[in-house]
Structures are given as structure tokens and as C-alpha cells.
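Written out below as C-alpha cells is the structure these notes cover.
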There are 2 protein chains.
Amino acid sequence: MASRSTAKKEALTPHLVLERFLPYRLNVLASLTSNALAQIYADRFGLSIPAWRVVATLGQYDVRTARDIAAHGVMHKSTVSRAVSSLEERGLIARRPNEDDRREELLALTPAGRGIYESLAPQALSFEEQLASVLTAQEQELLGSLIDKLSRHARSLTHEGEGEP
Amino acid sequence: MASRSTAKKEALTPHLVLERFLPYRLNVLASLTSNALAQIYADRFGLSIPAWRVVATLGQYDVRTARDIAAHGVMHKSTVSRAVSSLEERGLIARRPNEDDRREELLALTPAGRGIYESLAPQALSFEEQLASVLTAQEQELLGSLIDKLSRHARSLTHEGEGEP
DNA sequence: TCTTATTGGTTGCATGAGCAACGGTTTCTG
DNA sequence: CAGAAACCGTTGCTCATGCAACCAATAAGA
């Protein structure tokens, strides 16, 4: 896969090279890290990605509604709903109707759930650290800002034409 | 969501803040770009992500086996298999057994398939350009190298203990 | 050569995610 | 105050995806 010296007809078609294509590379990297991380929270705690995000969000904010979590984790509300149900069944989170607005429910970790979070969070952080250890502190900072810039821009591209209905 | 000034009990638990967590940010960004890009090749050409990757790979390399494509696109062979079947049904790619080794099949775009590729590739590239346009040329270069470093490292973390069985 | 191990690719199965339609609740408007 | 509209969350449906078992073909070893 190294050389690729014989030119052939590549000049005819526009020069789309998958390995250099940004969205593709981002996806590959995201998959790699997701899968590696999943080995921690799936294998060790039986959490799916959505479930992990719910736990992480509640660990961080104590009490949130499902809607908040969905927005925060960029997930569909149905995805969150199912993750919440399964977490509740396993006794990791508790739901309590909001008396002020009974459409929504306030979610929070149970002690058991918080136990998992507190055991999981350091492992997640150490994984992140290990992952980022190939970059200097400066590079890490920079990467962060580049990701943020791109994310903001991508969001604006997607929601481009979305005024009032 | 802006301030977050009240400290509360955040100090007790390890400081895992989802919005700052690298794997999470990578996933969000990858999803955003994937979805935006999918609007091009899904809405306009009815291609799934795997299908799009197959087409892109074949557009780039003319003739490859399914195995090559899987490795190249970081996909499961079953995923590739199904994408290939569907593309073949739609007359976009052709398969021909390799006479030298009849286990494998050589895949290539049909004229119709190449037509799609040639119409799609420039749009994909222009999307990429538009996406990356918030970054300077330098930043783009840098981002690329950071992604590569991280990807290599993540791969090495995953395949860490994988010697001989 | 005959047996055994590997390899490329397909398929059945179970899981997970998105969409859309729905029920129950609150808010807006006439 | 009544009806319409918006909103939160759930659920049925469909489809995509990963895994593992499997078939066919080749390579390796006795």
C-alpha cells in the first residue's frame, strides 16, 4: 500500500483519495477510539454507548431530564429513552416526575449508578490520557480548538436552512 | 448552559466533563460530518455509508477484492459483502471471479457506477473544502497530522495484545 | 496424496439506532 | 374558557451492523 507510483488513469477522475478525505479520516479515528473505549464500559460494566453517555451526563450534572441528555449527548430522544429504561431496570438511575411540569421526568443516578460512574470516570480519563499521550500538551490544546471550530461550522452547515416553519 | 459557576460537589468525583472528553468530541464531530455528507450520497444517490466507501475505493483503484476494500475502509467483511451485493443488484459494480484464486472476486465499477462516482466525487470534495474552509491551510495540514498520529496510536492500543494464538 | 489449517466471502441471528406515530401535559390564542 | 399547537417521552417498525458459524477454495504438512 506504500508506493502507489504507477499513475494510470487517476488524473481523469477528480482526485478523491479516501485516506486523505477528512470526513472519512474523522470517522475512522472516532470508530477506533469508540471501540477501544467501549471495551472498558461494555466489557466491564455492560453499558452501551448511549447508556454510557447517560451515566456520564448524570454523573456530571446530578439531575437532568431526558431531553437535556439527548441534546447534550447528540442522541435521539428514542435512543435516550431506551437507554434510560434499561438503566432504570438495572437500578442504576432513578426517575421522578417533575411536579412543576409533569410532562418531563427528572433523572438521577442511584448510589449504585454513581458507584459505577465513579469507578468508570477515572478509567475513561486515563484512557483519554493514554490516547492523547502521543501529542504534546500544545498539540492537544490545538486539536481541541480545531475540533471545536469544525464542529461549530459543521453544525451551521447542517442547520443551514432551518428558520421558522 | 454557559456559566457553570456554582461549584457544588463536582470536586468529589473525578473531573470528567463530557464536552471536553476527546473520544466524545471526536464522535460528535464525526457524526456531524457523516450526516451532512450522507445528505449528498444518500439523498441524491441512495448510497449507504458502506456503499459509498466501496464506490469511492473502486473509483480510486479500479479493481479490488472485497477483502481489500474492507481493510481499506475499516469495515467488517460482512458489511462489505452486503454493500457489494446491493451495489451489484443496482448494476453499479460488477464482480468477476479471479481465475488464479477462485476464492476471491475482483470487483469493479460498471459504467453506470463510474458515472455516479464521477458525479459524486467532486461534490464530496467540495463538501470537504467547505467544511475545512474555517481552518487555514496550515491548520488543515496540522489537523491531518494530528489525526494520523492519534489513529496510529489508537490502533496500537487496540491491537496491543495480539501475538500468536 | 490425503489430511488439516487458512483464507475469501456469504448468511442467520441478535442487537442497536432512527423515524414516525401516539398519549398525556402544558402553553398559546381566539 | 375552549380549541389548537407545541412539547416530553414511549413504542412499533424497519433497517443497518457486528458476530459467529458456515461453504468453497487454496495452501501447508505428514
Check for a donor-acceptor pair, side chain of A:Glu105 on one end and backbone N or O of A:Pro97 on the other, with a separation under 3.5 Å. no
Using distance alone, with no hydrogens and no angle criterion, decide if B:Asp68 and B:Thr65 have a side-chain donor and acceptor under 3.5 Å apart. yes
Please figure out whether B:Ala66 or A:Asn98 has its closest DNA chain C nucleotide nearer the 5' end. B:Ala66
Round to a whole Å and report the spacing from CD of A:Glu105 to P of C:dT25. 12 Å
Output the rounded distance in Å from CD1 (B:Ile69) to P (C:dG8). 14 Å
Check the distance between C:dG8's P and B:Arg95's CZ and give it to me in whole angstrom. 16 Å
Pair A:Glu88 + A:Arg95, salt bridge at N-O below 4.0 Å: yes
Enumerate the protein-to-nucleotides 14-20 of chain D contacts in which both atoms are nitrogen or oxygen and the separation is below 3.5 Å.
residue : atom : partner : partner atom : Å
D:dG18  : OP2  : B:Thr79 : OG1          : 2.6
D:dG18  : O6   : B:Arg82 : NH2          : 2.8
D:dC19  : OP2  : B:His76 : NE2          : 2.3

Over 60° means perpendicular and under 30° means parallel, so classify the ring planes of A:His72 and A:Tyr61, tilted if in between. perpendicular
For a quick check under 3.5 Å, do A:Arg44 and A:Gln39 share a side-chain donor-acceptor pair by atom type? no
Taking any heavy-atom pair under 4.0 Å as a contact, classify A:Ser85: base, sugar-phosphate, or nothing. nothing
Check the distance between C:dA17's C1' and B:Asn35's CG and give it to me in whole angstrom. 12 Å
Quick check: do B:Pro50 and B:Val80 have side-chain heavy atoms less than 4.5 Å from each other? no
Can you measure B:Asp100 atom CG to D:dA25 atom P for me and round it to whole angstrom units? 15 Å
Using whole Å, what does the distance between atom C1' of nucleotide C:dT27 and atom CZ of A:Arg102 come to? 15 Å
A:Leu107 has an atom CG; how far is it from atom P of D:dG9, in whole Å? 7 Å
So does B:Arg103 reach the base of C:dT7 with its side chain, donor to acceptor, closer than 3.5 Å? yes
Atom-to-atom span, CZ of A:Arg67 to C1' of C:dT26 - whole angstrom: 15 Å
Charged N to carboxylate O under 4.0 angstrom, A:Glu19 versus A:Arg25? no
